[in-house]
J.: 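Okay, handing you the structure first.
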Amino acid sequence: MSALAPGSVIGILGGGQLGRMLAMEAAALGFDVHIYTPEEDSPAARVSARVTVAAYDDAVALAAFARDVAVVTTEFENVPAATAEILIASGAVVHPNPRALALAQDRVAEKQLFASLGIATAPFAVVDTREDLAGALHTIGAPSILKTRRLGYDGKGQARIASLGEADEAFASIGEAPAILEGFCAFEREVSVVAARGIDGSFAAYDLVQNIHQNGILARTIAPAPGAAAIADAANAMTQRLAEALNYVGVITLELFVMPDGALLANEMAPRVHNSGHWTMDACGASQFEQHIRAIAGWPLASTTRLCDAEMQNLIGADADAWQTLSADPNARLHLYGKRDALPGRKMGHVTRLKP
Ligand code: AMP
């Protein structure tokens, strides 16, 4: 694909805040955006030129969407595989490719891919039945974490198992869904790489960042991660290997645990822009959103140089009510997602504090 000219239409599956921030950066580069989402009045649709509100299995609406756009991307990884297939069959170019989406949707396939690429992970075992879980606990031991293979996010669909006697209760708590059992990693901290691979195979990573979670949800990101110099090259090399193996185009994120001995264990990948990359909007020359649009449009990747240190704080639920105070802080860059209801646990916005 040659580089898409400004004025082309970029299609985005999903209408959440990631789609919204992608759409705003696409507009800044002269593209029009067409959002496809089942949600009425979505945050992304309200800043985009066009919107289709339809289900992800609506073949007629998908075919019309495919005809309208020059390239399709996605703002969340749980787009049904069949959706991407219908789009491709209708002639659409889809980045990232459906294989990358499918692998990221299944925690077992994802961990097996990491293993095949020599990327270390926590020990893991496949759990489909109670008997599997008993066997897996025998091998992996406790403490461990039972996670649904599919559709888990922000700590949902997970149960910790502190001792072997808790197995049945844990399996019941995740609805006895197909699962993966992972050994518990007593990590020192969590870090992530947000990087991009271009259509020409070029690769560029932002600085390694440290992530602090509360109640299973990202609370803060520190850029750069303290002590990054010792581990960033290894973390970037893992991410590049992964992106190349997937023939990936766009922004990709790899979440890693840093163990007390400095070893890096991959937890999960996200085939998209990521919450831990939001700081790049204010502290880098080009944000992760611009970078993703550049990559899928076949443009050269932008520089990922960090212009200053930064710390990103998510505004969750009622946190965003403090917008007046936050907006008065000259070092704080406030981003609100235009969501109508501040439900508990819902990401309403974020604030990045620059540390020049
Ligand atoms: P995940 O949905 O897999 O990203 O897990 C959410 C969070 O749970 C991670 O960011 C970690 O804080 C924690 N976690 C997940 N897997 C493990 C593990 N194997 N060992 C220790 N903590 C974990």
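Just so it is clear, the structure is predicted and the values come from calculations on it, not from any experiment. First listed ligand is number 1; within each ligand, the first listed atom is number 1.
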J.: What I want to find out is whether E182 reaches K147 closely enough, with some N-O distance under 4.0 Å, to be called a salt bridge.
T.: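 Yes.
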J.: Can you find a pair of side-chain heavy atoms, one from D168 and one from R130, that are under 4.5 Å apart?
T.: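 When only atoms from C-beta onward are counted, R130 and D168 do touch, with a gap below 4.5 Å.
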J.: Would you call I10 and V69 a side-chain contact if the rule is heavy atoms closer than 4.5 Å?
T.: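 A side-chain contact under 4.5 Å is absent here.
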J.: What do we get for N267 next to ligand 1 when only non-hydrogen atoms under 4.0 Å count, side chain, backbone, both or neither?
T.: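 The part of N267 near ligand 1 is the side chain, not the backbone.
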J.: Heavy-atom contact check, 4.0 Å cutoff: does A186 meet ligand 1?
T.: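 It does not; every heavy atom stays at 4.0 Å or beyond.
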J.: Short N/O distance, under 3.5 Å, between E182 and ligand 1?
T.: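 Yes, E182 has an N/O under 3.5 Å of an N/O on ligand 1.
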J.: Below 4.5 Å, heavy atoms only, C-beta onward: do V273 and E75 meet side chain to side chain?
T.: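 Counting from C-beta outward, V273 and E75 never come under 4.5 Å.
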J.: Can you figure out which of E255, K147, E268, R189 has its heavy atom closest to atom 16 (N) of ligand 1?
T.: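 Comparing heavy atoms across E255, K147, E268, R189, the nearest one to atom 16 (N) of ligand 1 lies in K147.
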J.: Looking at E190, which atoms of ligand 1 are within less than 4.0 Å of one of its heavy atoms?
T.: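 This gives 9 (C), 10 (O), 11 (C), 12 (O) as the contact atoms.
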J.: Does atom CH2 of W299 have more than 12 heavy-atom neighbours, drawn from other residues, nucleotides or ligands, at distances under 6.0 Å?
T.: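 Yes, because the 6.0 Å sphere around CH2 of W299 holds more than 12 heavy atoms from other groups.
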J.: Quick check on contacts: which atoms of ligand 1 are under 4.0 angstrom from a heavy atom of H213?
T.: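 Result: 10 (O).
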J.: Between I145 and ligand 1, does any nitrogen or oxygen pair lie at a separation below 3.5 Å?
T.: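 The answer is no, given that I145 and ligand 1 share no N or O pair closer than 3.5 Å.
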J.: Looking only at atom types and distance, does a side-chain atom of R50 sit under 3.5 Å from a main-chain N or O of V33, one as donor and one as acceptor?
T.: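 Answer holds: no.
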J.: When only distance counts, is F187 in polar contact with ligand 1, meaning an N/O pair under 3.5 Å?
T.: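 No - when backbone and side-chain N and O of F187 are compared with those of ligand 1, no distance drops under 3.5 Å.
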